[in-house]
Amino acid sequence: MFRNQYDTDVTTWSPAGRLFQVEYAMEAVKQGSAAIGLRSATHIVLATVNKATSELSSHQKKIFKVDDHIGVAIAGLTADGRVLSRYLRNECINHSFVYESPLPISRLVIQLADKAQVCTQRSWKRPYGVGLLVAGLDETGAHLYYNCPSGSYFEFQSIAIGSRSQAAKTYLERRFEGFEKYSREELIKDGLFAIKETLQGEKLTSAICTVAIVGVGEPFHVIDQQTIERVIESLDIGDEDAPPPAVAESAADEPTASQEPGTAPMDI
Amino acid sequence: MALRGDWVYENNGGTCVAIAGADYTVVAADTRLSVGYSIYTREFSKICTLADKCVLASSGFQGDMKALQKNLCARHLIYQHQQNKKMSCPAMAQHLSNTLYYKRFFPYYTFNILGGLDNEGKGCVYTYDAVGSYERVGYSCQGTGGTLIMPVLDNQLKSPSPLLLAARDAVTPLSESEAVDLVKDVFASATERDIYTGDKLEIIIVNAAGIRREFIDLRKD
């Protein structure tokens with residue numbers, strides 16, 4: 001697949017009808033740390049793994065609020081992701097300014113896809129090396145889209161991208177049929193479970209992941225670390241393969257403390 | 001009214017007042033929108049809450065008021081995305097000045113007052129002309145009733161001359177309820193003589209607890 005004479009320019013087709021530069025850009029997405037999204041009828045959860053290059057540095061920001069009703073998670077070249085998020089934010093602001101109403105997410109992803117497509121058809125440009133999970137609400141309900149560097153976009157019930165995402169995908173494929181009816185707590189739990197799958201044995205803590213949610217009556221926001229830590233606690237009690245029980249709202253219902261070091265102390 | 005064929009502005013009247021206190025700011029404006037000797041509506045809000053500690057009151061041409069408010073709200077969103085926090089009142093004050101001066105040669109026909117809490121939680125009021133010249137003051141009024149109200153505010157609120165006493169904060173020692181009562185009184189007076197002021201008075205009080213809104217009836221003639 002690699003290193004052949006048709007892969008120098010994005011504007012060069014291969015004899016088999018492929019644009020290798022675009023495909024290489026999709027590879028860049030697979031190198032980025034994992035991002036997953038899952039949606040129910042009323043809420044969408046985005047979760048990402050925070051990979052830092054070294055213990056000394058901070059991790060990259062992979063979840064961006066685009067508007068009150070839309071957020072994105074990215075995997076791949078985070079610089080490209082940041083630039084595209086700025087574009088998405090601008091589009092939402094401009095639409096709100098002109099039409100005094102929120103930009104429907106289906107429109108936004110098409111504009112984003114068109115922007116990505118331009119880079120696949122100009123010899124002086126390169127494709128964006130980032131995949132975006134766009135989560136948002138509009139009049140037609142909750143939606144989750146995946147925009148890839150090729151300029152295509154697809155709608156998903158749930159999706160995982162980035163490195164070691166196959167493990168998360170397998171987990172999600174087993175359970176996605178129930179997602180439509182999930183409560184927001186169940187969505188968050190399953191999101192964290194999926195993230196745990198991508199960690200392949202590494203411990204899941206609230207420091208290593210970022211979770212954001214948007215839903216009916218709930219503007220897009222990143223969930224704070226303490227709440228995530230509490231959910232993680234309740235995850236570790238249950239059997240890994242058994243369906244996680246519905247989480248009660250108040251902390252008083254949380255089960256007794258686990259022995260894991262470094263986790264937040266809890267009420268017993 | 002004889003106007004030039006290319007005159008694009010219209011004065012929709014109205015008056016705004018703002019008073020800064022030690023830990024609160026009162027911003028008030030009437031709700032009448034007029035043109036010439038007619039009334040467009042009795043229920044038009046001239047006040048826009050830009051951030052949780054920052055409130056803008058404008059009078060003048062309604063088209064420009066609306067455009068200016070929308071402009072500022074959009075720029076505020078961008079600021080929040082980039083800085084991860086809401087704009088402070090002093091920051092918004094400078095930004096409003098820049099926005100107004102940007103259109104120095106085709107101005108926003110708006111007379112603005114920005115009120116809110118500064119970074120230390122003290123009340124602040126900024127007063128503007130149509131092209132962005134601004135100043136932080138302890139109190140201000142703009143609009144068609146401004147000339148009627150300003151002398152009363154001066155009489156009640158102006159601190160003694162700096163020649164007599166060391167200059168200090170221009171913030172009034174009045175309590176919040178006293179300031180609100182003063183605002184109601186000055187508006188009642190302005191309503192008597194200014195045809196463009198009346199109908200209802202919208203009062204916004206910004207303090208540490210947030211933003212509170214009150215409506216008072218004014219004379220409808």
Side-chain angles (χ1 to χ4, degrees), chain A residues 46 48 50 58-74 78-105 108 111-112 130 132 134-137 210-214 218-225, chain B residues 8 12 31 33 40-41 43-56 58 60-88 91-92 94-96 98-103 106-110 112 114 210-211:
Chain A
L46 294 175
T48 60
N50 302 337
S58 61
H59 63 83
Q60 302 261 31
K61 187 166 168 187
K62 283 161 60 78
I63 294 192
F64 298 90
K65 174 169 175 170
V66 167
D67 204 344
D68 281 338
H69 64 300
I70 300 182
V72 301
I74 62 171
T78 44
D80 285 1
R82 205 178 57 236
V83 157
L84 285 177
S85 304
R86 196 158 56 225
Y87 168 75
L88 295 174
R89 285 167 175 169
N90 256 337
E91 291 301 301
C92 283
I93 289 175
N94 286 340
H95 184 97
S96 292
F97 189 96
V98 173
Y99 297 104
E100 297 259 332
S101 72
L103 176 57
I105 184 178
L108 181 64
Q111 285 174 257
L112 179 62
V130 63
L132 293 103
V134 189
L137 243 38
T210 309
V211 182
I213 187 168
V214 61
E218 187 172 2
F220 184 90
H221 65 283
V222 172
I223 303 179
D224 64 286
Q225 280 214 316
Chain B
V8 295
N12 298 122
T31 62
L33 204 68
Y40 275 143
T41 176
E43 317 219 359
F44 180 76
S45 171
K46 301 187 176 74
I47 304 188
C48 173
T49 44
L50 294 173
D52 53 3
K53 299 269 184 297
C54 192
V55 168
L56 173 70
S58 325
F61 171 43
Q62 187 259 357
D64 279 348
M65 277 157 59
K66 203 80 182 76
L68 180 64
Q69 287 170 2
K70 286 177 78 158
N71 212 315
L72 291 176
C73 284
R75 281 293 289 124
H76 186 217
L77 258 183
I78 296 176
Y79 181 96
Q80 284 179 84
H81 281 144
Q82 291 174 343
Q83 314 276 356
N84 255 338
K85 61 173 182 166
K86 300 218 185 248
M87 247 177 169
S88 67
M92 186 60 87
Q94 181 65 53
H95 183 236
L96 172 55
N98 295 343
T99 307
L100 291 170
Y101 195 81
Y102 196 73
K103 278 173 55 78
F106 182 13
Y108 287 105
Y109 193 129
T110 55
N112 305 291
L114 195 73
I211 297 186

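Just so we're on the same page: letters track the sequence lines, and every chain starts at 1. Both backbone and side-chain heavy atoms feed into the values below; hydrogens, waters and symmetry mates do not. Nothing here was measured: the structure is a model prediction, and the numbers come from that model.
Using non-hydrogen atoms only and a strict 4.5 Å limit, no part of residues 43-53 of chain B faces chain A.
Residues A/Lys65 and B/Gln80 have side chains not in contact (no heavy-atom distance under 4.5 Å, counting atoms from C-beta outward).
Note that CG of B/Leu77 is 9.5 Å distant from SG of A/Cys92, once rounded to the nearest 0.5 Å.
The neighbour count for B/Tyr101 OH, taken as heavy atoms of other residues, nucleotides or ligands under 6.0 Å away, does not exceed 12.
For a residue to count as touching a neighbouring chain, one of its non-hydrogen atoms must lie under 4.5 Å from one of that chain's; by this rule A/Asn94 does not touch chain B.
Scanning both residues, B/His81 and A/Asp67, for their nearest heavy atoms gives NE2-N, 4.5 Å.
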